[in-house]
Number of protein chains: 2
Amino acid sequence: MKTVTIRDIAKSVNASQATVSRVLSDSDYPVSEAMRDKIKKAAKQMNYTPNLAGRQLKTNTSMTIGIIVPSISNPFYSEVVSGVEEVARQRGYHVLLCNSCQDIELEKNYFRTLLENQVKGVIISSLSKGNEMLAQYSQRGGCVISIDQAQNNSDVFQVNYDYRRGGYIAIQHLLENGHRRIAYVSAPLDRPSRIGIYKGYQDALREYEAPFDEALLCIAEALEGQYYDGKYEFNNGRTLAKRLLSLPPEKRPTAVFACNDLTALGVMYEFQEHGHRVPDDVSIVGFDNVDLAVMTSPPLTTVEHPKSEMGRFACHMLFQVLEGDTGQIQEIMLQPKLVHRQSTQSIPLR
Amino acid sequence: MKTVTIRDIAKSVNASQATVSRVLSDSDYPVSEAMRDKIKKAAKQMNYTPNLAGRQLKTNTSMTIGIIVPSISNPFYSEVVSGVEEVARQRGYHVLLCNSCQDIELEKNYFRTLLENQVKGVIISSLSKGNEMLAQYSQRGGCVISIDQAQNNSDVFQVNYDYRRGGYIAIQHLLENGHRRIAYVSAPLDRPSRIGIYKGYQDALREYEAPFDEALLCIAEALEGQYYDGKYEFNNGRTLAKRLLSLPPEKRPTAVFACNDLTALGVMYEFQEHGHRVPDDVSIVGFDNVDLAVMTSPPLTTVEHPKSEMGRFACHMLFQVLEGDTGQIQEIMLQPKLVHRQSTQSIPLR
DNA sequence: CTGTTAGCGCTTTCAA
DNA sequence: TTGAAAGCGCTAACAG
């Protein structure tokens with residue numbers, strides 16, 4: 001079955017390829033109404049499907065953008081991707097999905113691929129350090145938007161989130177509810193987001209002149225090749241909670257703040273397992289506000305992270321740059337918000 | 001900055017474009033070692049990046065496959081996608097992500113797009129009924145693999161999962177632990193998977209000659225435009241659990257089986273909220289074995305669904321077909337397995 | 001082993 | 001308002 005091309009249509013209506021192209025590619029080049037109709041009708045009737053490779057070759061563009069994330073099955077990234085896809089679709093663009101598995105070689109390959117496919121823009125999140133392909137990509141005219149991670153490359157635009165402040169308001173909430181012994185439970189501080197949250201924790205304690213107790217600081221050791229999926233976070237929460245539970249009663253925290261919701265869940269699980277009630281005996285605050293956070297008992301107090309909104313933002317920004325509107329670009333810092341549910345409670349006065 | 005093409009390289013090493021192409025596209029056409037080296041070196045040195053549009057136009061192929069799912073932010077589909085992406089990557093293919101939002105118009109558009117981009121294969125899951133573009137796509141030589149949903153189109157190959165049996169073994173587990181009053185809680189039976197699970201429930205009751213009580217059958221009504229995300233499932237579980245809790249005590253179930261884990265979570269939440277202990281007062285079984293299922297208290301007994309494995313399978317099958325190996329294709333039915341955790345218990349003899 | 005040549009399907013000058 | 005012609009970067013038949 002021969003595929004029908006622009007030339008077949010031209011022949012069938014006695015027009016030139018040029019005219020057909022002008023009509024079918026929605027060019028604003030003037031073509032008479034009569035001709036226009038005739039061509040459109042023929043195209044439809046012959047079931048014409050344009051071959052984008054032809055156009056791409058000629059115009060050196062593609063209606064595709066890329067997105068590189070460590071793991072699409074991590075709910076955090078899948079939300080981001082979902083936001084990106086939504087606005088790309090609205091603009092008639094498509095998304096090439098690049099699942100890097102936190103493997104720098106795969107990341108490099110993906111950049112190469114994007115280049116080869118004439119993909120002019122890419123959104124990245126949690127890229128490995130020291131990926132020289134990034135520089136090469138932007139140097140060749142590719143446009144890059146980074147989510148949640150500062151890149152020391154001036155060609156890369158950024159969509160940020162104020163993690164420090166997120167940590168701050170979480171602790172503020174606990175402090176204002178009378179808590180003084182507040183533990184911090186976290187995965188290794190090996191990326192900017194986690195470091196930011198930790199800073200917020202410290203800043204709040206300092207500002208409110210609350211005591212800082214080393215024993216209440218529970219940060220996991222970094223392990224070679226450790227992959228931070230949901231199970232890791234949950235188990236990490238459990239493990240570190242055990243540490244807290246092994247303290248003598250008067251040294252134990254009255255509240256625990258975790259670096260993300262799954263870790264908070266692990267902490268909650270372990271405390272409940274040991275007969276502690278949440279929030280009566282201990283308050284718990286998470287981070288991210290994943291869907292899950294409303295489904296636990298009790299529902300989790302946490303800090304909102306606008307995941308899909310960040311994806312949408314990043315994608316809008318990308319199109320702004322692609323359209324050459326770089327002057328107008330505002331780098332953005334999205335703000336956190338406390339979501340108060342039932343895992344926290346004020347300390348009753350004695 | 002001029003982009004370097006095969007012709008530039010040819011010039012620089014005094015060879016023909018043809019030879020350069022043969023070397024750089026890893027053709028098995030014989031080229032002398034010396035020439036080979038010279039060309040490769042030049043390519044590297046000039047920082048050559050092939051323009052795939054050229055090749056694509058010439059060869060009428062693209063190294064891209066598509067995947068159409070209702071929602072990438074649904075953990076179920078993101079696992080599937082993740083499996084697909086993994087094997088696509090191993091084969092040097094890329095994945096065009098199509099998030100259909102259960103909107104038939106979007107689905108149609110995506111098929112059109114795939115066709116325009118010369119994407120020769122697509123994996124679909126939960127496609128809307130009556131999408132005529134599917135037929136058109138396969139009729140034009142596109143290859144389709146369907147996950148979890150029978151298509152009455154003989155050109156579509158399928159990767160299936162035995163939902164009926166999954167439902168069966170869940171109930172069997174409960175029956176063999178002495179339960180007789182077993183409730184079934186489900187979202188609307190508007191797709192094959194849910195109907196299958198329900199059949200398994202019925203079959204098991206019948207085979208074990210357990211009584212069937214209409215009052216224990218809790219199936220949500222279908223609502224126009226209802227979108228089955230995690231929150232819906234959870235809330236649905238809660239709502240229907242309330243119905244069970246409002247029964248007089250002797251009429252209540254001793255065990256509840258839910259059509260998926262999130263629904264089971266909703267049921268568990270509601271029972272616990274009303275002071276019932278799980279599993280002491282009521283046993284609960286979910287379906288899918290999402291990551292979450294180990295994180296609840298108590299951890300959830302559930303039925304394993306190999307999500308990413310199905311993605312990998314589907315993708316392998318796709319390549320088999322793309323390579324013309326259609327004779328060898330075995331349509332597959334993956335089997336469920338019970339995952340016994342702590343939300344179920346045998347009924348103590350009185 | 002190497003080169004010449006003719007397109008793949010499309011857009012876009014330029015001329016009419 | 002239309003058409004002729006050139007060419008985007010690549011591959012593949014064919015000839016040498």
Side-chain angles (χ1 to χ4, degrees), chain A residues 1-40 42-43 46-63 112-113 115-120 140-141, chain B residues 1-40 42-43 46-63 112-113 115-120 140-141:
Chain A
M1 190 191 62
K2 185 72 182 55
T3 108
V4 11
T5 76
I6 233 173
R7 150 194 262 114
D8 300 322
I9 298 185
K11 245 179 245 161
S12 92
V13 300
N14 265 313
S16 69
Q17 283 188 55
T19 310
V20 175
S21 166
R22 299 201 255 256
V23 171
L24 262 24
S25 64
D26 283 320
S27 145
D28 48 4
Y29 200 94
V31 174
S32 71
E33 270 307 310
M35 187 77 314
R36 212 176 205 98
D37 285 356
K38 211 161 39 159
I39 290 174
K40 281 193 171 162
M46 298 171 75
N47 203 0
Y48 169 71
T49 303
N51 181 340
L52 261 24
R55 173 182 307 184
Q56 196 173 314
L57 190 53
K58 184 69 187 176
T59 62
N60 190 31
T61 57
S62 79
M63 295 292 276
R112 199 186 333 280
T113 292
L115 238 22
E116 293 179 354
N117 283 291
Q118 317 304 312
V119 174
K120 302 306 186 198
R140 294 219 194 176
Chain B
M1 192 191 62
K2 185 72 183 55
T3 107
V4 11
T5 76
I6 234 173
R7 153 194 260 113
D8 300 322
I9 299 186
K11 245 179 246 163
S12 92
V13 301
N14 266 312
S16 69
Q17 283 189 53
T19 309
V20 175
S21 167
R22 299 200 256 256
V23 171
L24 262 26
S25 63
D26 283 321
S27 146
D28 48 5
Y29 201 94
V31 174
S32 71
E33 270 308 311
M35 190 80 264
R36 215 178 202 95
D37 286 356
K38 210 161 41 159
I39 290 174
K40 281 192 171 160
M46 299 171 74
N47 203 1
Y48 169 72
T49 303
N51 182 340
L52 260 25
R55 172 182 307 183
Q56 197 173 313
L57 189 54
K58 180 71 186 178
T59 62
N60 188 30
T61 57
S62 77
M63 294 291 278
R112 199 184 335 278
T113 292
L115 238 22
E116 294 180 353
N117 283 291
Q118 317 304 312
V119 174
K120 302 305 186 201
R140 293 218 196 176

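Chain letters run A, B, ... following the sequence lines, proteins first and then strands; every chain starts at 1.
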Q: Checking side chain to side chain contact (heavy atoms under 4.5 Å, CB included) for the pair B:Asn51/A:Leu57: CA distance, chi angles, key distance, verdict?
A: CA-CA 8 Å; B:Asn51 182 340; A:Leu57 190 53; 4.2 Å; yes
Q: Just by distance, no angles: are the side chains of A:Thr61 and A:Thr59 close enough, under 3.5 Å, to form a donor-acceptor pair?
A: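 Indeed, the side chains of A:Thr61 and A:Thr59 share at least one donor-acceptor pair under 3.5 Å.
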Q: Tell me what B:Asp8 touches on the nucleic acid: a base, only sugar-phosphate, or nothing, going by heavy atoms under 4.0 Å.
A: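 The answer is nothing, as B:Asp8 stays clear of every strand by at least 4.0 Å.
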Q: Using a cut-off of 4.0 Å between protein heavy atoms and nucleotide atoms, how would you tag nucleotides 10-16 of chain C 5' to 3' with B, S and -?
A: BBBBB--
Q: Rounded to whole angstrom units, what separation is found between the CG atom of B:Asp28 and the P atom of D:dA12?
A: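 So the CG-P distance, B:Asp28 to D:dA12, works out to 10 Å.
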Q: Roughly, in whole Å, what's the span from CD1 in B:Ile39 to P in D:dC10?
A: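 Checked: the CD1 to P distance equals 13 Å.
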Q: Return the value, rounded to whole Å, for the distance between atom CD of A:Gln118 and atom P of D:dC8.
A: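 Checked: the CD to P distance equals 14 Å.
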Q: Given atom CG of A:Asn117 and atom C1' of D:dC10, what is their separation to the nearest angstrom?
A: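 After rounding, the gap between these two atoms is 14 Å.
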Q: For A:Val119, does its backbone N or O pair with a side-chain atom of A:Asn117 as donor and acceptor, under 3.5 Å?
A: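 Not a single qualifying donor-acceptor pair exists.
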Q: What's the CG-P distance between B:Leu57 and D:dG7, to the nearest Å?
A: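 Atom-to-atom, B:Leu57 to D:dG7, this comes out as 17 Å.
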Q: Only one of A:Arg140, A:Arg112, A:Glu116 passes side-chain hydrogen bond (donor to acceptor under 3.5 Å, both in side chains) with B:Thr49; say which it is.
A: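 Exactly one option meets the side-chain hydrogen bond (donor to acceptor under 3.5 Å, both in side chains) with B:Thr49, and it is A:Arg140.
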Q: Is there a side chain to side chain contact (heavy atoms under 4.5 Å, CB included) between B:Thr5 and B:Asp8? Walk through the geometry before answering.
A: CA-CA 5 Å; B:Thr5 76; B:Asp8 300 322; 3.6 Å; yes
Q: Calculate the interatomic distance between B:Asp26 atom CG and D:dT11 atom P; express it in whole Å.
A: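 Going from CG in B:Asp26 over to P in D:dT11 covers 10 Å.
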Q: In Å, rounded to the nearest 0.5 Å, how long is the span from CD1 of B:Ile39 to CD1 of B:Ile6?
A: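 Answer rounded to 0.5 Å: 9.0 Å.
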Q: How many whole angstroms separate atom CD of B:Gln56 from atom C1' of C:dG7?
A: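 Answer to the nearest Å: 16 Å.
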Q: For A:Arg36 and D:dT2, what is the distance between atoms CZ and C1' respectively, to the nearest whole Å?
A: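 For the pair A:Arg36 CZ and D:dT2 C1', the rounded distance is 13 Å.
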